[in-house]
Amino acid sequence: MKLSRPARRATLVVHVAAAAGWLGLTLGLLALATAAITTDSAATTEAAVRSMKIFADWLVLPLALLTLLSGVLLSLGTPWGLARHRWVYTKFWLTLATTTASTFALRPGVTHNAAVVSAGGALPDPTDLIMGPIVSLSAYLFMTVISVLKPWGLTKRGRKHRAGSAERGRKHGPGSRKALDAKAVRQPA
């Protein structure tokens with residue numbers, strides 16, 4: 001499946017906006033966790049943790065899933081492919097891992113801390129509250145870097161695909177019937 005240029009561009013805009021939103025949301029969670037951990041005010045701690053719960057409940061999962069789905073659509077609908085380039089493959093697995101961690105570790109942890117603090121208790125484990133956003137932020141920054149730099153080259157699958165494409169190109173070289181028919185179609189009338 002190949003995306004048309006307008007569809008590819010629209011999907012790319014959605015992917016970048018969702019990923020940037022997820023990155024910004026993680027910065028916000030980190031700031032709130034830092035505020036909750038470093039303050040001496042129980043009211044500030046409660047407000048920060050309850051705010052984290054709202055972000056985790058309403059924004060984390062939709063942005064994570066939108067980033068993951070738009071990234072998969074882009075990789076499958078463009079020549080980059082999902083498993084042809086190491087940087088794309090790495091981003092896919094990191095996005096899947098951070099989406100899973102956000103769903104099954106970050107959200108339940110924030111929910112637990114919010115319940116304890118709202119009931120008048122102290123933060124059960126401040127390290128637990130801040131480690132999720134730190135790990136997530138590190139992963140998102142790393143994925144941003146490899147999206148820009150596109151390091152590491154092709155995977156084994158990508159090398160096979162490229163070799164197959166080159167072989168098909170030699171079969172249908174510039175003097176072949178198929179190439180001549182395509183050239184005739186492209187010429188203006």
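If you're wondering where the values come from, they're calculated on a predicted model, not measured in any experiment.
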Q: How long is the span from the CD1 atom in I37 to the CG atom in D125, to the nearest 0.5 Å?
A: 8.5 Å

Q: Identify the two heavy atoms, one from V88 and one from G81, that lie closest to each other, and give their separation to 0.1 Å.
A: CG1-O, 3.2 Å

Q: Can you tell me how far the CE atom of M52 sits from the CG atom of N113, to the nearest 0.5 Å?
A: 8.0 Å

Q: Would you say the side-chain atoms of T98 pair up with the backbone N or O of T95, donor to acceptor, closer than 3.5 Å?
A: yes

Q: Run the side chain to side chain contact (heavy atoms under 4.5 Å, CB included) check on H85 and L154 step by step: do they pass?
A: CA-CA 4 Å; H85 294 82; L154 296 171; 3.3 Å; yes

Q: Look at the side-chain heavy atoms of Ile, Leu, Val, Met, Phe, Trp and Tyr, link any pair under 4.5 Å apart, and say whether V13 and L63 land in one connected group.
A: no

Q: Whether the side chain of S118 engages the backbone of A115 through a donor-acceptor N/O pair (distance < 3.5 Å, no angle test) should be reported.
A: no

Q: Quick check: does any side chain N or O of R86 sit under 3.5 Å from a backbone N or O of W152, one acting as donor and the other as acceptor?
A: yes

Q: In this structure, would V49 and L30 fall into the same cluster of hydrophobic residues linked by side-chain contacts under 4.5 Å?
A: yes

Q: Quick one: do L106 and L66 end up in the same hydrophobic cluster if we chain Ile, Leu, Val, Met, Phe, Trp and Tyr together by side-chain heavy atoms under 4.5 Å apart?
A: no

Q: R8 side chain to T78 main-chain N or O, any donor-acceptor pair under 3.5 Å?
A: no

Q: If you round to the nearest 0.5 Å, how far is CG of L65 from OG of S102?
A: 9.5 Å

Q: CG/L12 to CG/L74 distance, rounded to the nearest 0.5 angstrom?
A: 5.5 Å

Q: Using side chain to side chain contact (heavy atoms under 4.5 Å, CB included), reason through L29 and V60 one step at a time and then give a plain yes or no.
A: CA-CA 10 Å; L29 289 170; V60 168; 4.0 Å; yes

Q: Atom OG1 in T100, atom CH2 in W93: separation rounded to 0.5 Å?
A: 9.5 Å

Q: Is atom NZ of K150 surrounded by more than 12 heavy atoms (other residues, nucleotides or ligands) closer than 6.0 Å?
A: yes

Q: Would you check if the side chain of T155 reaches a backbone N or O of A83 as a donor-acceptor pair within less than 3.5 Å?
A: yes

